Number of protein chains: 2
Amino acid sequence: MDRVTLSDVALRARVSLATVSRALNQPALVRDSTVRRVREAAADLNFRPNLVGRNLRARTTRTLGVVLPTLANTVFADCFQGIERATRLQHYSVMLTTTEYRVEDELAVTEELLRHRVDGLILTVANAAESPVLDMLDQEKVPYVLVYNQSRCPQRQTVSVDNRIAARDAVGHLISIGHRSIRMVTGDFRESDRAQLRYQGYRDAMRAAGLVPQLPVEVPLHTAVASGALAQCLRGRDPASALFCSNDLLAISVVSGLLRLGLQVPDDMSVVGFDGVDLGTLLYPALATVVQPSRDIGGSAVDTLLARLRGDVPGRSVVLDHSLRIGETAMRFAPRPTSHAVRRPNRRN
Amino acid sequence: MDRVTLSDVALRARVSLATVSRALNQPALVRDSTVRRVREAAADLNFRPNLVGRNLRARTTRTLGVVLPTLANTVFADCFQGIERATRLQHYSVMLTTTEYRVEDELAVTEELLRHRVDGLILTVANAAESPVLDMLDQEKVPYVLVYNQSRCPQRQTVSVDNRIAARDAVGHLISIGHRSIRMVTGDFRESDRAQLRYQGYRDAMRAAGLVPQLPVEVPLHTAVASGALAQCLRGRDPASALFCSNDLLAISVVSGLLRLGLQVPDDMSVVGFDGVDLGTLLYPALATVVQPSRDIGGSAVDTLLARLRGDVPGRSVVLDHSLRIGETAMRFAPRPTSHAVRRPNRRN
DNA sequence: ATGAAAGCGCTAACAA
DNA sequence: TTGTTAGCGCTTTCAT
């Protein structure tokens, strides 16, 4: 499949192997005419440099490893594309692995990446506060940057939004438009320390407004939200008028679940998500959500990591701005005169 | 960051470098007690085999390259996860790159993968019938398998559903439930030869039923579908009663667009997608669609490619089964008595 | 400006 | 069963 090596090119260009290497990689060191001759020979032979050889000798692979929980959530897919683009710009490559939320696999897939001698890692772990992978990486002094995760230890560099404040803003918005009974819906907390931070933010916002935070409604992700879980938010003497969901996929699922129960969104119940996946804007009603700049998170992680590989000063964690997307699934709270659903005409085009 | 090599382990285990290699990779060739000693030494030293060295020597990387258009469409994300899982099972690794639908980048990213000396490639190209990348790969005899793409040349191995027949089935279903005026909505044909095949299938079904196929409505993907495009389907003396979309993301966008125009789905217009992304089942109304087994497509591509790398007989292209998901966005066509929209109560629980 | 030579970490003959 | 040795393809001193 591939046989041409540097020495083949050298033979054809009538120079030494070393000169070919230089002509290709540091043409400034080589006479112009020689460079041309070498390039020509390389082109003639269809020479394709073998990075494995280069990587072994150079003891660096110019490759970054990436560990993400899943690609089914486009938040991570977008992040990866941001990573890919940034690495390409810097002439680096990237190896991606996903854990599909199996925490127990995080270590193994990371080890595999290290066997490939990636120069550094970009990863999202389930729980940065208690993570065998991160402990291992710290101990072995492997350069890495966390994305989405936030960490208390300042030496663990992260790139993320401020999840807690972002959640607080979202819930604060709901409060500011009149909601008083707001519940939070989350996936499995063990899968995501972000969800926990967002729950903190929910509590912050509730307390700041003198409201009583409720326990979160935990629903298994990646499955249609059972009506039972939703019923939990509707019953009691203080039924919710708004739901804050720990991510967009969940929010979308919740909206559907409510509609299925015969409720109107946002008329009967407002829903706000978290992530800002593009998909949210394609839906009707468009999802209200907290937008994270996922591509930038990826891009910024690459920049941060490469700076570190270059030996720059460690640098602080990066907190990127979030924003609120005022979608159509959240509206001002106005108590209904009657308890039975009232039909609402479809709005404007 | 990482310094321990085979010879360090050899020193500590008091055996030769070669024995360490054997003990680790072919323990059957080594005395049990020695294997134990070596393993212990390796563990003590935290030895992590350097695959770069191995790959150079072995002249094979046990790594597959993957080229996909995007991960924003979960069809491809799922496929990748299928690939990843299968490769892991076979003790292979994988390098992923996406083109983000930039056809002109397909060649460059593939070349990069080849510089890394991946053993073979799994890819989806914009158009398999006219693809510089595939020509190059054929010429250089690089083993590869196409996913999603279908190809006329039998020596180009593919793993896919039968797009044309699948589309024909979907449209046939619409016809069977009473629709007569059906239009197809597609993204940019140049981005996807699958969309073209599906259009063929649409025509097949229409003709088979004695109906006149219409030209497709092409809309730029990844953006909310402009109402102008939809209006095209609604006006004229023969307005459509059903829309067949070339993929699910588009279909979701179309449904939203219709709702925004004040129409009901499926009452005023049925919509059917193609892909079968999980998301479709989370929506309300749940998306009617043609389901492709994306994970299996990925897994099967790996199996096919590895078989080929092992030198097995080339083997035929794999056509996996599709299925129809009878969602809630498509319903029996029953002409409306009046032309203005009629409110419909929300259905079942 | 160019060449000779060493060696990155590993595997696989070939010997013993 | 184990050790010795020769590279895989490349970069990089060190000479010239």
Side-chain angles (χ1 to χ4, degrees), chain A residues 1-39 41-42 45-63 91 93 111-112 114-119, chain B residues 1-39 41-42 45-63 91 93 111-112 114-119:
Chain A
M1 146 178 177
D2 219 67
R3 324 244 94 245
V4 187
T5 73
L6 267 196
S7 76
D8 296 323
V9 180
L11 236 55
R12 180 167 238 264
R14 302 169 162 285
V15 291
S16 78
L17 190 157
T19 301
V20 176
S21 174
R22 280 189 289 250
L24 262 27
N25 303 313
Q26 312 163 67
L29 302 182
V30 178
R31 191 193 297 149
D32 272 15
S33 65
T34 312
V35 172
R36 271 195 298 278
R37 209 141 42 86
V38 169
R39 288 207 175 126
L45 294 175
N46 236 303
F47 173 66
R48 182 179 291 132
N50 183 332
L51 291 184
V52 181
R54 194 211 73 97
N55 291 347
L56 180 58
R57 168 65 222 231
R59 319 178 80 218
T60 163
T61 54
R62 295 187 73 82
T63 299
H91 306 291
S93 298
E111 287 280 1
E112 177 70 9
L114 293 177
R115 280 193 283 274
H116 279 286
R117 291 303 188 271
V118 295
D119 291 344
Chain B
M1 144 177 179
D2 218 66
R3 325 244 93 245
V4 186
T5 74
L6 267 196
S7 75
D8 296 323
V9 180
L11 236 55
R12 180 167 239 265
R14 302 169 161 284
V15 291
S16 79
L17 190 157
T19 300
V20 177
S21 174
R22 280 189 291 249
L24 263 26
N25 303 313
Q26 313 165 66
L29 301 183
V30 178
R31 191 192 298 149
D32 272 15
S33 64
T34 312
V35 171
R36 270 195 297 280
R37 211 142 40 88
V38 168
R39 287 207 176 127
L45 295 175
N46 236 301
F47 173 65
R48 181 179 291 132
N50 183 332
L51 291 184
V52 182
R54 194 211 75 98
N55 292 346
L56 180 59
R57 169 63 221 230
R59 319 180 80 218
T60 163
T61 54
R62 295 185 73 82
T63 299
H91 306 291
S93 298
E111 286 280 1
E112 178 69 8
L114 293 177
R115 279 193 284 272
H116 278 286
R117 289 305 187 270
V118 295
D119 291 344

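Reminder, nothing fancy here: chain letters follow the sequence lines and each chain counts from 1. The structure displayed is predicted, hence computed values, not measured ones.
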Nearest-0.5 Å distance that lies between atom NE2 in B/His91 and atom CZ in B/Arg62: 7.5 Å
Nearest-Å distance for atom pair CZ/C1', residues A/Arg115 and C/dG9: 15 Å
Please state how far atom CG in A/Leu11 lies from atom C1' in D/dG9, giving the value in whole angstrom units. 15 Å
Closer than 4.0 Å, any side-chain N/O of B/Thr19 to the OP1 or OP2 of D/dT2? no
In whole angstroms, the gap separating P of D/dT11 from CZ of A/Arg62 amounts to 12 Å
Set of residues satisfying side-chain hydrogen bond (donor to acceptor under 3.5 Å, both in side chains) with respect to B/Arg12, sequence neighbours excluded: B/Asp44
Between atom CG in A/Leu45 and atom C1' in D/dG9, what is the gap in whole Å? 15 Å
Hey, could you give me the CG/OG1 distance between A/Asn50 and B/Thr61, rounded to the nearest 0.5 Å? 9.5 Å
Side-chain heavy atoms of B/Leu24 within contact of B/Phe47, under 4.5 Å: yes
To the nearest 0.5 Å, what is the distance between CZ on B/Arg22 and CG on B/Leu17? 10.0 Å
Report yes or no: does A/Arg57 contribute a side-chain atom to a donor-acceptor pair with the main-chain N or O of A/Arg54 at less than 3.5 Å? no
Close side-chain approach of A/Arg59 and A/Arg117, heavy atoms under 4.5 Å: no
Between A/Val52 and B/Leu29, whichever has its closest DNA chain D nucleotide further toward 5' is B/Leu29
Residues from residues 31-38 of chain B sitting under 4.0 Å of DNA chain D, heavy atoms only? B/Arg31, B/Thr34
Suppose we screen for side-chain hydrogen bond (donor to acceptor under 3.5 Å, both in side chains). Which residues come up paired with B/Arg14, at least two apart in sequence or across chains? none
Are B/Arg115 and A/Ser93 side-chain neighbours, meaning at least one heavy-atom pair lies under 4.5 Å? no
Please report how far the helix from C/dA1-D/dT16 to C/dA16-D/dT1 bends, comparing the axis fitted to its first five pairs with the axis fitted to its last five, to the nearest 10 degrees. 40°
Contact string for nucleotides 10-16 of chain C, one letter per nucleotide 5' to 3', B = base within protein heavy-atom range under 4.0 Å, S = sugar-phosphate only, - = neither, reads BBBB---
Just to verify, what does A/Thr34 make a side chain to side chain contact (heavy atoms under 4.5 Å, CB included) with, not counting sequence neighbours? A/Val15, A/Thr19, A/Val30, A/Arg31, A/Arg37, A/Val38
Test item: side-chain donor near acceptor, B/His116 and B/Thr63, under 3.5 Å: no
Please state how far atom CZ in B/Arg59 lies from atom C1' in C/dG9, giving the value in whole angstrom units. 16 Å
